[in-house]
Amino acid sequence: MTITRRTVLAGTAGVAGAATTIASSNVAAMAKGANPAGLRLLTSTDGAFTPPRGTPVMKFSFSNPEPSIEFGGLLFGFEVITFENNYGIDPALVTVQRTGDRLLLTVSGLTWAGGTRKRSGSLTATLIKTPAGAFEWQVSATMDLPIKSIKTIVRGLPRGRLSMSANEWSEPDESDHVFEYPALMGGMATPLVAIEAPDKRVWGISALQTEVRPARFAFLAGPNGYKTELLYEQAGWERSGQVTTCRWRIAVASDFAGVARPHFEMVEAAWRIPALLERRDAPEWVKHLGLVLALHGEHWTGYVLNDFDRQLEILRWTARQIDPRNVMVFLSGWDGRYYWDYPNFTIGKAVGGEAAFRRLVTEGRKLGFRFALMFGTNIANPAWSDFDRIADAQLRTIYGVPFASDYVDWDGDRKGDAYMVFMNVAVKSWRDHLRSRISGMLSRYPIDAYFLDICGLWENNLQGDQQVGTRMLVEELAIAHPGVMPIAEMAYDAMMGFIPMNQVARYPLFPEASFGKVASFSHLSRAAPGRGSSGVHEIGFTTYRPVTIDQRQIPTITFVDDTFTAQRDLVMKEIATAKLRFAARRQRT
C-alpha cells in the first residue's frame, strides 16, 4: 500500500536579489566552455576542494563529467543511479527551453564510465522560479534498468553554518557533510537543510515530499561555496525503470524563520498535521500534562530497578506532591527483560507478575494517574518461540539483505550485539502481531496510551512503506480502542499527522513546528536524579540536569533503583519546579 502522490507547492519568503548576487558570483568562478544547448561542461571536481581539505566523503577518483545548466544564478546538473552504475546526461543529446521563469531540460541519452561510453535512457527536468523568488524543480528519468536514485547537483550555494532539520547550527568548516531523511540516529526529522551565508542571509533546501522516500543532502566544500548534491531514492518495493523525484526547493531569506516557516507549512499540508489543542486524536488529558514519571522495571540483564509494588508506592507518594490528574506514568521494562523478550509483550514475572501489575494500574488510575505502556514497533528476538510465524517481516534493505541490528552493546563485551532483528510494520504478519499484543493489554487493563518504541525508524526496503504500516497500525488500534493515544519515539514529520505525542522534541531552531503540533516529553534514557542512571536504557549513565521552569518539554523524572530511596529530596525539587512551570503555562501541556 502506498500513499497517493499529491503535488504541494508552497511559496517561500525570499530575498531574490541577494540570492542572485551571491549565486552568480560563485557560478562565475566555475565558468567553463559551453555546448550548443548552453550547458556548462563541468566535472565532479569543479567547485569542490580536490584533494579535500577537511573530513571528506567518498568520491570517484577521477573527474566525472557533470554537464550543468544555469538557472537563476545557480548551476544545475543531473545524474541517474541504478543498482549497477552511475549515468550522466549526454550533453550532445540535450535540449533546453526557457519561458519566463521556467526552464525545461530534456535529455535523450546518457553516458557512463566517465563520459566515455553511451547508454540509452532519458531524463527531463523542469525548473521554475516562484513569485516569492524560490527555485523549485522536479526530475523524471527512464531506463531499461531499475533506477535506484536521481541526483541533482547544484553549484553556486555559499559555504557557512549548517542546520539539519532545524537542529542547532554547526560551525562552518572545510569538511564535507551528508544528511539523510528520514533518519532515526542522525536525527533528520524533516527534509530541510539551511545554510547561513557570510552575509547572514539563510538559504533553505527542502525536499517537498508527499510520501516518505529517502532524501539525501550532500555538501562538498569548495573555495567559493558548497557543491551540493540532492538525491531522491525511489521505493525499494517498486524497483522501476521510470522514476519521478519529489519536488525540490531552494530559497533564501533574511533569517532562519524565513526559510523554515514555508517548509513547515508545506509539511503540515502534506501530512495533515493539526495544532495540538485542536487534535481529535489527542485526548483532553494530554493537553493538561504537567509531569511524566518514567518508572523503569526490568533491565536487559534481568536486574530489576523497580518492581510493580515499589512503582505503586512511588505513585502513592507522588500523589501527595502533585495532582495525579496532570501526571502520566510511563512504564518500560514491564514485559520481562528489556528488549530481550521482544516481541512477546507479556507481563514480566521478575517485576511482580500479573496480579501486581493489575494492582499498580488499577490503584494508580483510582488516584488519577494516566498510564503509557511501552511496545517495540520494529525489533524482535528471533530466539522467541513463535518467531517463524512473523519471520517473513524481517526488514530487508533495497539490496535484499537484512537490515542489521547491531548498534547496541547489550552484554558489556564492547561490541555491538546482532542477536535482534529489525522488523517491517508494513508487512501484515508483523503488524497483526503487534496489534494483537497491544490490543490485548489495552483490553485487559486501564491503559491510556501505548508507546511505539523506535517507530521513527524508516529504511528503504523490498517489502513496503514503514510509515504507511505504522499509520495502519495506529488506525486499526483507534477503531478497537477509541480514546487510547499512540506515542512515537523520535518521530519524523510524516508521523506527526497521526501520532499526537512524541518522545524527544524536534526542530529546536523552529520549535513551534514541534511543540505547537504534538506534545513531547523526555526520552526514557533521561538521567535520573543523583548519579544519572538511564534506567533500562543501554546508554548507562549521563549527567543529571534538573527540570527548569521555562522548558518546553513536559518535565520528566526517571525512577531507577535508588531514586525513591536515596534521591527523594531531589525528586521533590523536580516536582516543585514542574508545578511552577505548569501554573505559569495556565495548566496547559
State whether the side chain of [X] and the backbone N or O of [Y] hold a donor-acceptor pair below 3.5 Å, judged by distance alone.
{"X": "Q463", "Y": "Q394", "value": "yes"}
{"X": "N461", "Y": "G464", "value": "yes"}
{"X": "N502", "Y": "A505", "value": "no"}
{"X": "N460", "Y": "E233", "value": "no"}
{"X": "R581", "Y": "I549", "value": "no"}
{"X": "R437", "Y": "N344", "value": "yes"}
{"X": "H177", "Y": "L162", "value": "no"}
{"X": "D417", "Y": "W410", "value": "yes"}
{"X": "S175", "Y": "G54", "value": "no"}
{"X": "Q467", "Y": "M495", "value": "no"}

Measure across [X] and [Y] and return the closest heavy-atom pair with its distance rounded to 0.1 Å.
{"X": "K517", "Y": "I273", "answer": "CB-CG2, 3.7 Å"}
{"X": "K287", "Y": "A282", "answer": "CE-O, 3.5 Å"}
{"X": "D493", "Y": "Y507", "answer": "CB-OH, 3.5 Å"}
{"X": "A527", "Y": "Y544", "answer": "CB-CA, 3.7 Å"}
{"X": "M266", "Y": "Q209", "answer": "SD-O, 4.0 Å"}
{"X": "A270", "Y": "T210", "answer": "CB-CG2, 4.3 Å"}

Only one of L395, I390, T377 forms a side chain to side chain contact (heavy atoms under 4.5 Å, CB included) with M423, so which one is it?
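Going through L395, I390, T377 one by one, the side chain to side chain contact (heavy atoms under 4.5 Å, CB included) with M423 is satisfied by I390 alone.
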Would you say the side chain of [Y] lies within less than 4.5 Å of the side chain of [X], judging by non-hydrogen atoms?
{"X": "I554", "Y": "T589", "answer": "yes"}
{"X": "S149", "Y": "Y232", "answer": "no"}
{"X": "R389", "Y": "W384", "answer": "yes"}
{"X": "T228", "Y": "F219", "answer": "yes"}
{"X": "P555", "Y": "F582", "answer": "no"}
{"X": "T556", "Y": "F330", "answer": "no"}

Mind running side-chain contact (heavy atoms from CB on, under 4.5 Å) on F357 and R444 for me, showing each step along the way?
CA-CA 11 Å; F357 181 83; R444 292 192 296 273; over 6 Å; no
Interatomic spacing from [atom1] in [X] to [atom2] in [Y] - rounded to 0.5 Å:
{"X": "I575", "Y": "T318", "atom1": "CD1", "atom2": "OG1", "answer": "5.0 Å"}
{"X": "H263", "Y": "L208", "atom1": "NE2", "atom2": "CG", "answer": "8.0 Å"}
{"X": "R213", "Y": "L231", "atom1": "CZ", "atom2": "CG", "answer": "16.0 Å"}
{"X": "F515", "Y": "Q551", "atom1": "CZ", "atom2": "CD", "answer": "8.5 Å"}
{"X": "I322", "Y": "E574", "atom1": "CD1", "atom2": "CD", "answer": "11.5 Å"}
{"X": "L305", "Y": "F564", "atom1": "CG", "atom2": "CZ", "answer": "15.0 Å"}

Ring centres under 6.0 angstrom apart ([X], [Y]):
{"X": "F375", "Y": "F345", "value": "yes"}
{"X": "Y445", "Y": "F371", "value": "no"}
{"X": "F217", "Y": "F179", "value": "no"}

Using the rule given for side-chain contact (heavy atoms from CB on, under 4.5 Å), can you reason through D386 versus H433, listing the C-alpha separation, both sets of side-chain angles and the distance that settles it, and then say yes or no?
CA-CA 11 Å; D386 287 340; H433 172 78; over 6 Å; no
According to the interplanar angle, ranging from 0 to 90°, do the rings of F422 and F403 count as parallel (below 30°), tilted (30 to 60°) or perpendicular (above 60°)?
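Because their plane-to-plane angle lies in the 30° to 60° range, the rings of F422 and F403 count as tilted.
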Over 60° means perpendicular and under 30° means parallel, so tell me whether Y181 and Y492 are parallel, tilted or perpendicular.
perpendicular
In this structure, are over 12 heavy atoms from other groups packed under 6.0 Å from R325 atom CZ?
no
Would you say I539 has more than 12 foreign heavy atoms packed within less than 6.0 Å of its CD1?
no
Could you go through the side-chain contact (heavy atoms from CB on, under 4.5 Å) check for M501 and L289 one step at a time?
CA-CA 12 Å; M501 193 175 209; L289 278 180; 3.8 Å; yes
Under-4.0 Å salt bridge between D448 and R365
yes
Is a salt bridge present between E180 and R216, judged by a nitrogen-to-oxygen distance below 4.0 Å?
yes
Picking from N381, D453, D335, what satisfies side chain to side chain donor-acceptor pair (under 3.5 Å) with Y342?
D453
Distance-only donor-acceptor check, side chains T558 and H296, under 3.5 Å:
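Judged by distance alone, the side chains do not pair up.
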Distance-only donor-acceptor check, side chains W458 and D465, under 3.5 Å:
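Yes.
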Let's go through R249 and E265 carefully: what are the C-alpha distance in whole Å and the side-chain angles of both, what is the deciding distance for salt bridge (charged side-chain N to carboxylate O under 4.0 Å, His left out) to 0.1 Å, and is it a yes or a no?
CA-CA 14 Å; R249 180 173 62 198; E265 288 173 354; over 6 Å; no
Would you please test R337 and H299 for side-chain contact (heavy atoms from CB on, under 4.5 Å) and show each step?
CA-CA 6 Å; R337 289 171 57 188; H299 190 270; over 6 Å; no
Under the ring-ring contact (aromatic ring centres under 6.0 Å, His included) criterion, do W334 and F308 qualify, and how do the steps go?
CA-CA 8 Å; W334 61 272; F308 296 139; 8.2 Å; no
